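Scroll down for the structure; my scribbles are underneath it.
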Amino acid sequence: MHAQFLQQAIDLATENVRSGNGGPFGAVICQDGKVIAACSNIVTCSNDPTAHAEITAIRIACKHLNNFQLTDCTLYSSCEPCPMCLGAIYWARLGQVYFACNRFDAAQAGFDDSFIYDEIAVTPEKRTISMQQIEINSALQPFIAWQEQEDKIRY
């Protein structure tokens with residue numbers, strides 16, 4: 001069964017390249033053995049750098065289930081998720097992830113995200129993109145408000 005859903009993700013990725021809609025990535029999310037989201041990468045056609053197949057599938061699955069957590073769902077991806085998608089997978093709390101190609105296969109095809117993995121370990125002020133923390137007296141106000149909020153929905 002896993003191979004069938006993984007093949008569907010691969011087929012989405014291949015068709016996406018052939019149609020000219022985006023990159024060679026596809027993702028399928030299933031719940032109880034049924035597909036609830038099937039997407040390909042639409043970064044270039046949507047002008048959205050976050051529109052990776054996995055992110056788009058997570059958005060659709062969450063909307064379908066009317067829930068921001070996908071704990072009882074499985075993600076099938078044509079390729080090992082990049083750091084952004086990995087973060088989204090953890091925030092969505094997916095139950096399992098299966099992928100076909102790995103990050104090294106992607107790098108050979110021109111999709112090398114190793115620099116992002118490297119940047120995560122570097123302190124913000126030493127990253128390639130300049131990142132500086134500015135101290136503002138009211139900076140903690142949003143967190144204080146969150147902690148004081150009694151009827152919040154934790155995530």
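Counting from 1, the numbers follow the sequence of the chain as shown. Computed from a predicted model, the values in this text were never measured in an experiment.
With values rounded to the nearest 0.5 angstrom, D113 atom CG is found 10.0 Å from L86 atom CG. L94 contributes atom CG, which lies 5.0 Å from atom CG of L70 (distance to the nearest 0.5 angstrom). In this structure, SG on C73 lies 11.0 Å from CD on Q96, to the nearest 0.5 angstrom. Atoms SG and NE2, on C82 and H52 in that order, are 5.0 Å from each other to the nearest 0.5 Å. Distance check, rounded to the nearest 0.5 Å: CZ of R127 to CD of E119 gives 7.0 Å. The line from CG of N66 to NE2 of H64 is 10.5 Å long, rounded to the nearest 0.5 Å.
In the displayed structure, E125 atom CD is contacted under 6.0 Å by more than 12 heavy atoms of other residues, nucleotides or ligands. Surrounding NZ of K34 are at most 12 heavy atoms belonging to other residues, nucleotides or ligands under 6.0 Å away.
Ring-centre distance between F99 and Y76: not below the 6.0 Å cut-off.
Scanning both residues, V28 and F5, for their nearest heavy atoms gives CG2-O, 4.1 Å. Minimum interatomic distance between Q8 and A38 (heavy atoms only, all atoms of both residues): NE2-CB, 4.0 Å. The heavy-atom pair separating A27 from L75 by the smallest distance is CB-CD1, 3.9 Å. Counting all heavy atoms, side chain and backbone alike, A57 lies closest to A37 at O-CB, 3.4 Å. In this structure, R154 and W146 approach most closely via the heavy-atom pair CA-CZ2, 4.4 Å. Between C79 and E54, the closest heavy-atom pair is O-OE2, 3.7 Å.
Of the possible donor and acceptor atoms, one in the side chain of N16 sits under 3.5 Å from a partner among the backbone N and O of N41. In terms of modelled atom types and a separation under 3.5 Å, the side chain of N102 and the main chain of D105 share a donor-acceptor contact. When atom types are taken as modelled, the side chain of S78 and the backbone of G26 share a donor-acceptor pair closer than 3.5 angstrom.
Placement of Y155 and Y90 in two distinct hydrophobic clusters is found when ILVMFWY residues are connected by side-chain heavy-atom separations under 4.5 Å, directly or transitively.
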Go through it in stages, so that I can follow the logic: the residues are L12 and Q7, the test is side chain to side chain contact (heavy atoms under 4.5 Å, CB included), and I'd like the CA-CA distance, side-chain angles, deciding distance and then a yes or no. CA-CA 9 Å; L12 283 166; Q7 185 62 55; over 6 Å; no
Before giving the answer on side chain to side chain contact (heavy atoms under 4.5 Å, CB included), spell out for C30 and I36 the whole-Å C-alpha distance, their side-chain angles and the decisive distance to 0.1 Å. CA-CA 5 Å; C30 297; I36 61 170; over 6 Å; no
Side chain to side chain contact (heavy atoms under 4.5 Å, CB included), that's the test. Do R103 and Y117 meet it? Break it down for me. CA-CA 11 Å; R103 68 177 95 163; Y117 286 101; 3.7 Å; yes
For S40 and E15, what are the C-alpha separation, side-chain angles and deciding distance, and is it a side-chain hydrogen bond (donor to acceptor under 3.5 Å, both in side chains)? CA-CA 9 Å; S40 54; E15 179 54 34; over 6 Å; no
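In this structure the side chain of R59 reaches within 4.5 angstrom of the side chain of T50, judged on heavy atoms. Contact annotation: the side chain of S46 never approaches that of V43 to less than 4.5 Å [non-hydrogen atoms, C-beta and beyond]. Counting only heavy atoms from C-beta outward, the side chains of V97 and I89 approach each other to under 4.5 Å. Contact annotation: the side chain of Q132 never approaches that of P124 to less than 4.5 Å [non-hydrogen atoms, C-beta and beyond]. Residues C39 and I60 have side chains in contact (heavy-atom distance under 4.5 Å, counting atoms from C-beta outward). Between I29 and I58, some side-chain heavy-atom pair lies under the 4.5 Å cut-off. Looking at heavy atoms from C-beta onward, T74 lies in side-chain contact with Y98 at the 4.5 angstrom threshold.
Remark: R93 fails to qualify as a cation-pi partner of F68 under the 6.0 Å distance and 45° angle criteria applied to the six-membered ring.
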